[in-house]
Number of protein chains: 2
Amino acid sequence: MKSNKIKIVLADDHRMMIDGLRSMLSDEKDLEVVGVAYNGKEALEAVLKHNADVLITDYNMPEMNGLELTEALQKVKPDVKILVLTMYGDITHIEEMLQAGISGYILKNTGNDELINAIHKLHNGGTYYDDEVAQEIFRSLKDNSIKKQNVEKVNLTDREKEIIQLISQEHNNAMIGDMLSISERTVESHRKNIYRKTNTNTIIGLLKFAFANGLVK
Amino acid sequence: MKSNKIKIVLADDHRMMIDGLRSMLSDEKDLEVVGVAYNGKEALEAVLKHNADVLITDYNMPEMNGLELTEALQKVKPDVKILVLTMYGDITHIEEMLQAGISGYILKNTGNDELINAIHKLHNGGTYYDDEVAQEIFRSLKDNSIKKQNVEKVNLTDREKEIIQLISQEHNNAMIGDMLSISERTVESHRKNIYRKTNTNTIIGLLKFAFANGLVK
DNA sequence: ATAAAAATCCGTACTGGTACGGATATTTGA
DNA sequence: TCAAATATCCGTACCAGTACGGATTTTTAT
C-alpha cells in the first residue's frame with residue numbers, strides 16, 4: 001500500500017478557500033489532499049478517481065451543489081465521509097444535507113484544529129457537528145411547536161379529531177358513518193365544521209393541517 | 001430584594017438524587033435551592049410558590065411526568081427555565097420535551113461543573129444541550145432519510161413531481177392544466193400515473209406519500 | 001337550573017375527480 | 001439508431017363530496 005494517510009478531496013468554488021485549506025491540511029502528517037474541485041461535478045469525479053476517504057465540500061457551487069453532490073455520492077460511493085464546510089448563512093440547508101447523508105457540518109469561521117479534529121472523527125466512523133449548527137437545529141425543532149399551538153387554539157372536539165383520523169385513513173363519509181354508528185349526514189356535518197374551524201375548504205388543506213399539527217403521522 | 005441568587009427547584013422521584021444535587025448546588029454562592037419535589041405536581045406548586053428561576057427536573061416521575069409538567073408550566077409561568085436531567089435511556093423523549101418548551105437537556109452522568117454551567121446559561125436566556133443529546137438528535141434527523149428512499153425508488157418524473165406540488169397547493173386539474181398550458185386531460189393522465197407509481201388510489205394517500213417523502217412541506 | 005356547545009340528522013342541485021380504455025408525439029438512454 | 005419512457009390528449013358514465021340552509025337532541029360548564 002502506498003500510504004495510510006486519510007485521502008481528502010476539497011470542493012469549493014472559491015480558489016482562495018481551496019488554497020488555504022490545502023496548505024493548512026498539508027501540515028498534518030496523516031492527511032493528504034488527493035484532489036480539489038471547483039464545482040460539484042468535478043468533486044464527484046475526483047472522489048471516485050482517487051478513491052477518497054473524506055470529501056470536504058461547500059454547499060453553494062456551480063454545476064452541482066452540495067446537496068446534489070451528496071446524493072450522487074451516496075449512490076455510487078456511500079462509504080466516503082462527507083464534511084460540509086459553509087458559512088453561517090447556508091445553515092438553512094443543514095436538514096436536507098443531513099438527510100442526504102453527510103457525516104459532519106462545520107462553519108468556515110471555525111479554527112483549524114477543530115477542522116482537523118472533525119476529519120479524524122469522520123474517518124473513524126463518527127460524526128462532527130459544529131456547536132452553532134447544533135444550536136440552530138435545536139432552535140428549529142423548538143419552532144415546530146409553534147405550529148402545534150394551532151390545534152389547541154382551533155378547539156376541535158374529540159369527535160372531530162376522531163373523524164379527521166378516519167378521513168386520513170382513507171375512509172369515505174359512508175364508511176365513517178358505519179364505523180361510528182352515525183348517519184353519513186352527521187359525518188358530513190362534522191366535516192363542514194372541521195373545515196370551518198381549521199380554516200380550510202378542501203380535503204388537501206385539511207390533510208396539511210392534520211400533518212402540521214401532528215393529528216396524523 | 002432579599003437576594004440575587006438564582007432560585008432553583010429540583011424535581012426527581014429519587015430522594016438520593018435530590019439530596020446529591022442539593023448539596024452540590026449549595027456550594028455555589030449564586031445559586032439557591034428554594035424547593036424540592038418528588039413528583040411533577042409538587043414541582044409545579046413549588047415553582048409557583050417560590051417564584052423559581054430555574055427548574056431542574058427528571059422525566060420519569062409519578063403523578064405528572066416531565067412532559068406534562070413542562071406543558072403546565074409553559075401555560076402558567078412561561079418565563080421559568082426548564083433543564084431536564086435524565087438518564088440516557090430517557091433520551092427518546094427529547095423531541096417532545098423540546099417542543100414543549102425546555103431550554104436545556106443534560107445527562108445524569110455529566111460532571112458538576114457542566115451542570116452549573118448549564119444553569120447559568122439558561123438563566124441568562126440561553127440554552128444548553130448535552131453533547132450526547134445533540135448527537136442523538138442528529139442521528140434521528142438522519143433516520144428520516146430512510147423514508148425518502150421511497151421517493152427515489154418510485155421514480156417519479158419531474159413533471160409528475162411538479163403536478164404533485166400543484167395538487168398539494170389545492171389546485172384542481174383544470175387550474176393545473178392552465179398553469180402548465182396543457183390539457184386538463186393530460187393532468188388527469190399524470191394523476192393516474194402518479195397514483196399507480198405511488199401505490200395509492202386516493203388524494204389522501206397521495207398527500208400522505210408526499211408528506212412522508214418531503215415533496216410537500 | 002339553564003344556556004351554550006356539541007352531536008345528531010336531512011333534501012337537492014352541483015362540482016371535481018375516477019374508471020375505463022384508448023391514441024399520438026416527443027425525449028432519452030443504451 | 002431505435003426502443004422505452006415520458007408527455008400529451010380524448011369521450012362518457014359514474015361516484016364522492018360540497019354548498020346551502022336548515023332542525024333536534026344530548027352534553028357540559030357555570
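Here the structure is a predicted model, which means the values were calculated and not measured. Lettering follows sequence order; numbering is per chain, from 1.
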| said: If you define the side chain from C-beta out and look only at heavy atoms, does anything of A/L21 sit under 4.5 Å from A/L115? | reply: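 Yes. Closest side-chain heavy atoms under 4.5 Å.
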
| message | Counting C-beta onward and ignoring hydrogens, is there a side-chain heavy-atom pair between B/Y129 and B/I106 closer than 4.5 Å? | response |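 No, every pair of side-chain atoms sits at 4.5 Å or beyond.
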
Scoring nucleotides 3-12 of chain D by protein non-hydrogen atoms under 4.0 Å (B base, S sugar-phosphate only, - none) yields ---SSBBBBB

[X]: which residues meet the salt bridge (Lys or Arg N to Asp or Glu O under 4.0 Å) condition with it, sequence neighbours left out?
X      : answer
A/E162 : A/R159
B/K49  : none
B/K121 : none

Stretch residues 164-176 of chain B: residues that reach within less than 4.0 Å of DNA chain D through a heavy atom: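 None - not one residue of the stretch has a heavy atom sitting under 4.0 Å from the strand.
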
Quick one: side chain to side chain contact (heavy atoms under 4.5 Å, CB included) partners of [X], sequence neighbours excluded?
X      : result
B/T198 : B/V154, B/L156, B/I194, B/T200, B/L206, B/F209
B/N39  : B/K41, B/E42, B/P62, B/E63
B/M175 : B/H171, B/N172
A/E45  : none

Going by the rule side-chain hydrogen bond (donor to acceptor under 3.5 Å, both in side chains), which residues pair with A/D30 if we only count those two or more places apart in sequence or in a different chain?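 Result, side-chain hydrogen bond (donor to acceptor under 3.5 Å, both in side chains) vs A/D30: A/H120.
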
Review point. Atom CZ of A/R196 and atom P of D/dA19: how far apart are they, to the nearest Å?
Key: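 Rounded to whole Å, this separation is 13 Å.
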
Measure from CZ on B/R191 to C1' on C/dA19 and round the result to the nearest Å.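 In whole Å, C/dA19 C1' lies 14 Å from B/R191 CZ.
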
Taking only the side-chain nitrogens and oxygens of A/Y195, find out if one of them lies under 4.0 Å from OP1 or OP2 of D/dA19.
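Negative; the distance criterion is not met.
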
Under 3.5 Å side-chain donor-acceptor pair for A/D130 and A/T110
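Result is yes, a qualifying pair exists.
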
| said: Let me test you: for the helix from C/dA1-D/dT30 to C/dA30-D/dT1, what is the angle between the axes at its two ends (five pairs each), rounded to 10 degrees? | reply: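 What I find for the helix from C/dA1-D/dT30 to C/dA30-D/dT1 is an axis angle of 80°.
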
When you compare the protein's N or O atoms with those of nucleotides 25-30 of chain C, which come within less than 3.5 Å of each other, and at what distance?
none

> Would A/K108 and A/D12 satisfy salt bridge (charged side-chain N to carboxylate O under 4.0 Å, His left out), going step by step from the backbone distance to the final call?
Replying inline: CA-CA 12 Å; A/K108 282 185 177 172; A/D12 197 306; 3.1 Å; yes

* Per the side chain to side chain contact (heavy atoms under 4.5 Å, CB included) rule, which among B/V9, B/L122, B/L85 passes with B/I56? ->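 Single side chain to side chain contact (heavy atoms under 4.5 Å, CB included) partner of B/I56 among B/V9, B/L122, B/L85: B/L85.
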
